[in-house]
Amino acid sequence: MTGLAMDMPRDQETVDLLVIGGGINGCGIARDAAGRGLSVTLAEMGDLASATSSASTKLFHGGLRYLEFFEVRLVREALREREVLLRAMPHISWPMRFVLPVHRDMRFEAGTPTSRLLTLFMPWMRGRRPAWLIRLGLFLYDHLGGRKILPGTRTLDLSRDPAGGAIKDKFLKAFEYSDCWVEDSRLVALNARDAAARGATILTRNKVTGARVEDGLWTVTIEDRPRGETRTIRARMLVNAAGPWVGAVIRDTVHLEPRERVRLVRGSHIVTRRLFDHDKSYFFQGTDGRIIFAIPYETDFTLIGTTDADHDDPDRAPVCTEAEQDYLLAFASEYFKAPVTREDIVWTYSGVRPLYDDGSSSATAATRDYVLKLDRRAGAPMLDVFGGKITTYRRLAESALAKIAPVFAGLGGDWTAGVPLPGGDFPVGDVDRLIAELRTAYPFLSDRWARRLIRAYGTEADGMLGAARSRLDLGRDFGADLTEREVRWLMRVEFARRAEDVVWRRSKLGLRMTADETAALDRWMQEVAAEGGAG
C-alpha cells in the first residue's frame with residue numbers, strides 16, 4: 001500500500017507509521033491507519049495481546065462505577081461503542097445480562113466524588129451506596145449511549161428469579177442490566193489480521209531496541225528475537241502504543257524525558273469450577289466500596305475479578321498473588337450460598353493496566369480514559385498513547401488518526417464503524433444458525449466443537465475446515481478438539497508461533513489440555529516453523 005504524500009524524501013524502505021506494541025491499541029491504530037492509505041509496520045516484542053490485552057475481564061462495558069467519578073464522557077463513548085462493536089464482531093462478542101444484588105451494606109469507596117457530594121448533602125448516609133442512587137445510575141447507563149440492541153434495566157425478585165438460586169437468601173432484590181462479553185485476545189488478532197489485509201506489516205516477537213531521527217525521518221532498529229537478527233526501518237512517524245512500556249519507550253528507546261506519567265495497575269482474576277447454572281453474570285459490591293464480577297466462562301467455569309493494585313515495574317510479570325486470591329474468594333463468598341474456596345480455583349491470571357497518571361489517591365480511582373500526546377521534540381513526530389480501555393479501542397484509534405492527520409496530506413476519514421472484522425460478517429444473534437449450518441456441512445463435529453469454532457472464526461470456520469469429510473482429514477489431534485488443520489490456520493493466518501499463543505490467546509483450550517499435550521503441540525509448532533511455515 002502506498003503511503004500518503006509528505007514533504008520528505010521517500011524510498012521503498014520507508015513507511016509512514018511504525019507502531020510499537022501489538023496490544024489492542026496498537027493493532028487498532030494499525031488497522032485504521034492502513035485502511036486510510038498509510039503504509040504501516042507494527043512491531044510487537046512478544047505475541048499479539050501477550051500482555052494487558054489478554055488479561056482483561058473480557059467485557060465491552062460502559063463502566064457503571066465510572067459514573068461515581070463523574071467520567072460521563074468516557075462512559076457515554078463506551079456505551080455507544082458497545083453496539084458498534086457487537087455488529088462488527090458478533091462471533092467473538094455477545095450481549096450479557098448482569099445481576100446486581102442490592103442491600104444495606106453497600107458502600108462507596110472512600111473519597112469518590114459522588115460519595116463526597118452525598119455526604120455533604122445527606123450526612124446521615126455515612127458512605128452508604130443507596131439503592132435509589134444505583135437505580136439512577138442505571139437509568140443514565142440505559143440512556144447515555146443510544147441503546148438499540150441491548151435490553152434495558154429491570155428489577156428482579158431474587159426469591160423467584162433463577163439468578164437468586166446461587167446466592168444467599170438474604171439478598172432479596174437485584175437490578176438486571178446489559179453489557180457485553182468479548183474475547184479480548186481474539187479481538188487483537190482479528191484487528192492485526194485486518195490491518196495486514198489492508199497492507200500493514202505485522203511483526204511479532206520483534207522488539208524495537210532503538211529509534212533516532214536522521215534527516216527528518218525515524219531510523220528504527222528492530223531485533224527479530226526468534227532469528228537473532230536485527231533490521232532497520234525508516235518511518236515518517238512513530239506510534240508508541242507499548243502499553244505498560246510506553247514510558248520506557250520514551251525514556252530508553254527514543255531517549256527523551258517523559259512529560260506524562262503512566263500509572264501501572266495490576267488487575268488479577270481467578271477462574272473456578274462453574275458456580276451457577278444460568279447464563280447471567282453477577283455484579284457484586286463489597287463493604288470496602290469495590291466491586292467484582294462473577295461471569296460464566298468457557299461453558300464449564302466461572303471467572304471472578306478483578307482487583308486493583310499498583311504495580312511498580314512493567315518488566316516484573318504480574319501474577320495473581322495469594323492475597324489477591326484470598327480477597328476474591330472472600331468477596332465472592334459473601335454472596336454465594338456455597339463458600340468459594342481455593343480448591344475451586346482452576347486457573348488464575350493477572351495483567352497490568354497502563355493508566356494515565358492523573359494523580360488519583362488510589363488505583364481504583366485512577367482514570368480509565370485515554371490520553372494521546374503528539375511529541376515533535378526529537379525532530380520527527382511521535383504519538384504516545386496513554387491509558388484507554390478495550391471497549392473504546394476503536395474510538396481511541398480514530399482519535400489517534402485525528403492527531404496524525406496534520407502530518408500526512410490527504411489522509412482519508414473515519415471508516416471503521418460498521419465494518420466487520422474477519423469472520424464477523426453476519427447479523428447479531430445468528431450464531432446458532434451458523435452453528436447448525438456448520439454441523440450440517442461437517443457432520444463429524446459435535447455441538448460443543450462447532451460452537452467453539454463459530455465463536456472463534458465466525459463465517460471463516462468452513463474456510464478453516466476446508467474439504468474435510470471426517471475428523472481424520474483434519475490431521476493430528478492435539479487434545480480438546482484442537483487439530484493440525486486448525487493450528488496450521490492459526491500459524492498461517494493469525495500470527496501464532498508457540499503453543500501458548502494458541503491455547504491461551506487464540507483460544508482458552510489451555511483450560512482443557514494437559515501440560516503434556518501443550519508441550520507436544522509446542523514441539524510440533526517449532527518443527528513446522530523450522531521446515532518453513534504452516535503450509
Side-chain angles (χ1 to χ4, degrees), residues 15-33 38 40-46 51-53 74 77 188 191 195 200 206-213 216-222 233-265 311 313-315 352-360 366-390 392-408 411:
V15 297
D16 293 323
L17 292 187
L18 191 290
V19 180
I20 304 173
I24 188 56
N25 291 336
C27 290
I29 291 170
R31 178 196 183 216
D32 195 330
L38 294 178
V40 180
T41 293
L42 181 146
E44 161 57 44
M45 66 180 177
T52 307
S53 295
L74 173 63
E77 182 175 84
V188 178
N191 271 272
N206 275 249
K207 182 177 182 179
V208 173
T209 57
R212 65 186 186 278
V213 175
L217 295 173
W218 289 100
T219 298
V220 184
T221 305
I222 302 176
I233 295 177
R234 287 164 67 80
R236 295 174 174 81
M237 185 172 185
L238 289 186
V239 174
N240 175 11
W245 293 272
V246 62
V249 167
I250 298 170
R251 182 179 57 254
D252 302 328
T253 305
V254 182
H255 304 294
L256 293 173
E257 186 63 31
R259 290 173 169 171
E260 312 293 332
R261 294 192 303 170
V262 64
R263 184 170 189 166
L264 303 180
V265 175
H311 193 80
D313 182 358
D315 291 323
V352 176
R353 309 182 194 99
L355 306 181
Y356 180 72
D357 191 350
D358 60 355
S360 296
T367 182
R368 268 54 177 176
D369 209 346
Y370 54 83
V371 175
L372 308 174
K373 295 292 183 179
L374 188 60
D375 192 339
R376 297 176 180 268
R377 287 178 292 167
M382 175 173 69
L383 182 71
D384 298 314
V385 180
F386 298 90
K389 58 200 296 283
I390 197 165
T392 53
Y393 89 90
R394 192 195 66 83
R395 290 288 293 119
L396 182 151
E398 286 185 340
S399 297
L401 268 293
K403 290 274 190 181
I404 289 168
V407 178
F408 297 96
L411 186 65

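Position 1 is the first residue of the sequence; numbering continues from there.
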Give the C-alpha distance, both sets of side-chain angles, the deciding distance and a yes or no for side-chain contact (heavy atoms from CB on, under 4.5 Å) between R236 and V407. CA-CA 9 Å; R236 295 174 174 81; V407 178; 5.9 Å; no
Taking atom CZ of R263 and atom CG of L355, what is their separation to the nearest 0.5 Å?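 Spacing of CZ (R263) from CG (L355) equals 8.0 Å.
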Just jot down the side chain to side chain donor-acceptor pair (under 3.5 Å) partners of T41, sequence neighbours excluded, or say none.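 T41 satisfies side chain to side chain donor-acceptor pair (under 3.5 Å) with no other residue.
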Can you name the residues that form a side chain to side chain donor-acceptor pair (under 3.5 Å) with N25, not counting sequence neighbours?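 So N25 forms no side chain to side chain donor-acceptor pair (under 3.5 Å) with any residue.
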List in chain and number order the residues that pass side chain to side chain contact (heavy atoms under 4.5 Å, CB included) with T209, two or more places apart in sequence or in another chain; answer none if no residue qualifies.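 So T209 forms a side chain to side chain contact (heavy atoms under 4.5 Å, CB included) with K207, T221, E223.
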Expected output: side-chain W218 to main-chain P381 donor-acceptor under 3.5 Å: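 Yes: the side chain of W218 pairs with the backbone of P381.
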Tell me which pairs pass salt bridge (Lys or Arg N to Asp or Glu O under 4.0 Å) where either residue lies in residues 18-32, with sequence neighbours left out.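 Output for this query lists R31-D194, D32-R36.
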Yes or no on side-chain contact (heavy atoms from CB on, under 4.5 Å) for R234 and V15, after CA distance, side-chain angles and deciding distance? CA-CA 6 Å; R234 287 164 67 80; V15 297; over 6 Å; no
Between I404 and M237, is there a side-chain heavy-atom distance shorter than 4.5 Å?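 Counting from C-beta outward, M237 and I404 do come under 4.5 Å.
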Heavy-atom distance under 4.5 Å between the side chains of V220 and I20, does that happen here?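 They are not in contact (no side-chain heavy atoms under 4.5 Å apart), so the answer is no.
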Exercise: identify the closest heavy-atom pair between [X] and [Y]:
X    : Y    : value
G388 : L396 : CA-CD1, 4.4 Å
L18  : A235 : CB-CB, 3.7 Å
V40  : A33  : CG2-CB, 3.9 Å
V188 : G22  : CG1-O, 3.4 Å
A30  : A195 : C-CB, 3.9 Å

Passing option when P314 is tested against T52, V262, V352, L264 for side-chain contact (heavy atoms from CB on, under 4.5 Å):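 It is L264, the one option of T52, V262, V352, L264 that forms the side-chain contact (heavy atoms from CB on, under 4.5 Å) with P314.
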With a 4.0 Å cut-off on N to O distance, would you call D375 and R377 a salt bridge?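 Salt bridge flag = yes for R377 with D375.
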Under 3.5 Å, side-chain donor or acceptor atoms of residues 244-256 against the rest of the protein: list the pairs with distances, not counting sequence neighbours.
residue : atom : partner : partner atom : Å
W245    : NE1  : D315    : OD1          : 2.8
H255    : NE2  : D252    : O            : 3.4

Can K389 and L74 be said to form a side-chain contact (heavy atoms from CB on, under 4.5 Å), step by step? CA-CA 10 Å; K389 58 200 296 283; L74 173 63; 4.0 Å; yes
If you measure only the distance, is there a donor-acceptor pair under 3.5 Å linking the side chains of Y370 and S399?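 Yes, S399 and Y370 have a side-chain donor paired with an acceptor closer than 3.5 Å.
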For the pair L401 and I29, evaluate side-chain contact (heavy atoms from CB on, under 4.5 Å) and give the outcome as yes or no after the intermediate values. CA-CA 7 Å; L401 268 293; I29 291 170; 4.2 Å; yes
